[in-house]
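First comes the structure, then the notes that go with it.
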Amino acid sequence: MFDAESLVLLAIAAYERDDADELQRHHAELHKRAAADPDDVRLQRFVHLTDALQRAHDSAALDGDVARWHDDATAPDFTMEAACNLLAALGALTHRGALAPQPALVERVGLRWATSKAMGELLASAARHHTPYAEQLRQCETTMVQRIEAALRRVADGDPVMGLAELVTLAQQTYNARAVESAWLVLQRHRDQLPNGERWHQQVATLRAAYGTARHRPALGDPRLRPAGGIALGPLDRRPLPPRPDQPA
């Protein structure tokens, strides 16, 4: 009855409450689902996260998990859902003292996914159990807005080459979709003014294919499943029946 995402959130909540039995139940269920579909990257990521929670509950070190999360945060298939789950787990682990503060990892996730004020608040809410993380994530959104706007001002002031270069550098450093799409729009509008336009086009197109909004929408949940809480309203999708002969049209 539950999407696997629900099991991850329940596992994090169980860890926060120090409920070993419930954590083990959700951990085992996710392992069972992942074993049945080993090619599902989303499920495998869920399993790895709950593996870390289980290790932390057993007082094991998480150095390998932290290294994995640093790498995973730059993967093209690292979704907003994965970011929120990771931040929630980091907040819980740090709050309970199982993990040293990880500002570099939080910044990497925040700079990538803080594409708007709403997204910054969503990230901060996910990490709310460790207040410094939440504050850091809000600052990531401010930083991205300021750097993108500064580059766009250069373009507006008549220097599209430097403005585009700043946006591409920012996109390569952060993998932020807003930076990628801003670079793409500048390229489309000022391509005739740019030396080495084809080289710029290849760079930005590569980033856009991997990290742009067309490739990677900030969706939550598994798009293959019915939305959480959704019900099928089949009768509303059918054309109305024609009136009976004894009824007025």
Side-chain angles (χ1 to χ4, degrees), residues 5 8-9 12 41-42 44-46 48-49 52 65-94 99 101-130 132-152 163-187 203-223:
E5 164 70 2
V8 175
L9 298 178
I12 294 172
V41 175
R42 179 173 179 257
Q44 300 303 325
R45 186 174 278 123
F46 289 168
H48 294 145
L49 190 63
D65 297 289
V66 171
R68 181 190 185 91
W69 292 332
H70 271 279
D71 292 339
D72 200 25
T74 61
D77 61 6
F78 185 77
T79 63
M80 180 63 175
E81 176 186 68
C84 287
N85 288 342
L86 176 57
L87 291 170
L90 286 174
L93 290 165
T94 306
L99 188 66
Q102 300 293 323
L105 176 55
V106 171
E107 181 176 82
R108 176 171 289 196
V109 176
L111 291 178
R112 175 169 178 181
W113 279 107
T115 54
S116 67
K117 183 73 171 178
M119 295 296 254
E121 286 300 318
L122 183 58
L123 294 171
S125 178
R128 65 187 180 278
H129 286 292
H130 189 62
Y133 287 167
E135 294 172 352
Q136 184 181 5
L137 290 161
R138 292 188 178 96
Q139 183 57 45
C140 285
E141 190 270 333
T142 301
T143 298
M144 290 305 303
V145 169
Q146 290 174 345
R147 293 184 65 180
I148 291 171
E149 288 182 350
L152 292 176
L164 178 60
E166 289 181 9
L167 287 170
V168 171
T169 299
L170 182 60
Q172 291 171 333
Q173 290 173 344
T174 66
Y175 307 103
N176 182 283
R178 184 171 177 177
V180 172
E181 294 299 336
S182 296
W184 179 256
L185 291 174
V186 170
L187 180 63
Q203 276 188 285
V204 178
T206 299
L207 284 167
R208 194 167 186 246
Y211 301 102
T213 54
R215 157 70 175 84
H216 199 52
R217 299 182 185 279
L220 300 177
D222 190 337

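Along the sequence shown, residues carry numbers from 1.
In terms of heavy-atom proximity, Val109 sits nearest to Ala83 at CG1-CB, 3.7 Å. For the residue pair Ala89 and Ile12, the shortest heavy atom distance occurs at N-CD1, 4.1 Å. Nearest heavy-atom pair across Ala126 and Cys84 is CB-O, 3.6 Å. Contact detail for Val106 and Gln136: the closest heavy-atom pair is CG1-OE1, 3.5 Å. In terms of heavy-atom proximity, Asn176 sits nearest to Ala114 at ND2-O, 3.6 Å. The minimum heavy-atom distance between Leu123 and Leu137, with the atom names listed, is O-CD1, 3.4 Å.
The closest donor-acceptor contact from the side chain of Tyr211 to the backbone of Thr74 lies under 3.5 Å. Side chain of Arg112 to backbone of Ala73: a donor-acceptor contact under 3.5 angstrom is found. Without hydrogens or angle criteria, Ser125 side chain to Glu121 main chain gives no donor-acceptor distance under 3.5 Å.
Residues passing the salt bridge (charged side-chain N to carboxylate O under 4.0 Å, His left out) test with Glu135: none are found, sequence neighbours excluded. With sequence neighbours left out, Arg108 forms a salt bridge (charged side-chain N to carboxylate O under 4.0 Å, His left out) with no residue at all. Applying the salt bridge (charged side-chain N to carboxylate O under 4.0 Å, His left out) criterion to Glu107, with sequence neighbours excluded, gives no partner residue.
At least one side-chain heavy atom of Val41 sits under 4.5 Å from a side-chain heavy atom of Arg45. No side-chain heavy atom of Leu170 sits less than 4.5 Å from a side-chain heavy atom of Leu111. No side-chain heavy atom of Cys140 sits less than 4.5 Å from a side-chain heavy atom of Trp113. No side-chain heavy atom of Trp184 sits less than 4.5 Å from a side-chain heavy atom of Leu167. Between Glu141 and Met119 the shortest side-chain heavy-atom distance does not fall below 4.5 Å. The shortest side-chain heavy-atom distance between Arg68 and His48 falls under the 4.5 Å cut-off. Contact annotation: the side chain of Leu93 never approaches that of His130 to less than 4.5 Å [non-hydrogen atoms, C-beta and beyond].
Atoms OG1 and CZ, from Thr142 and Arg138 in turn, are 10.0 Å apart once rounded to the nearest 0.5 Å. Distance check, rounded to the nearest 0.5 Å: CG of Leu87 to NE2 of His129 gives 12.5 Å. With values rounded to the nearest 0.5 angstrom, Trp69 atom CH2 is found 5.5 Å from Leu90 atom CG. Interatomic distance, CZ of Arg147 versus CD of Glu149, reported as 13.5 Å (0.5 Å rounding). The structure places CD of Glu81 at 4.0 Å from CD of Glu5, a figure rounded to the nearest 0.5 Å. The line from OH of Tyr133 to CG of Leu105 is 7.5 Å long, rounded to the nearest 0.5 Å.
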As a quick check of understanding, evaluate side-chain contact (heavy atoms from CB on, under 4.5 Å) for Val145 and Arg178, giving each step before the final call.
CA-CA 9 Å; Val145 169; Arg178 184 171 177 177; 3.7 Å; yes
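Applying the side chain to side chain contact (heavy atoms under 4.5 Å, CB included) test between Met80 and each of Asn85, Leu122, Thr115 identifies Leu122 as the sole match.
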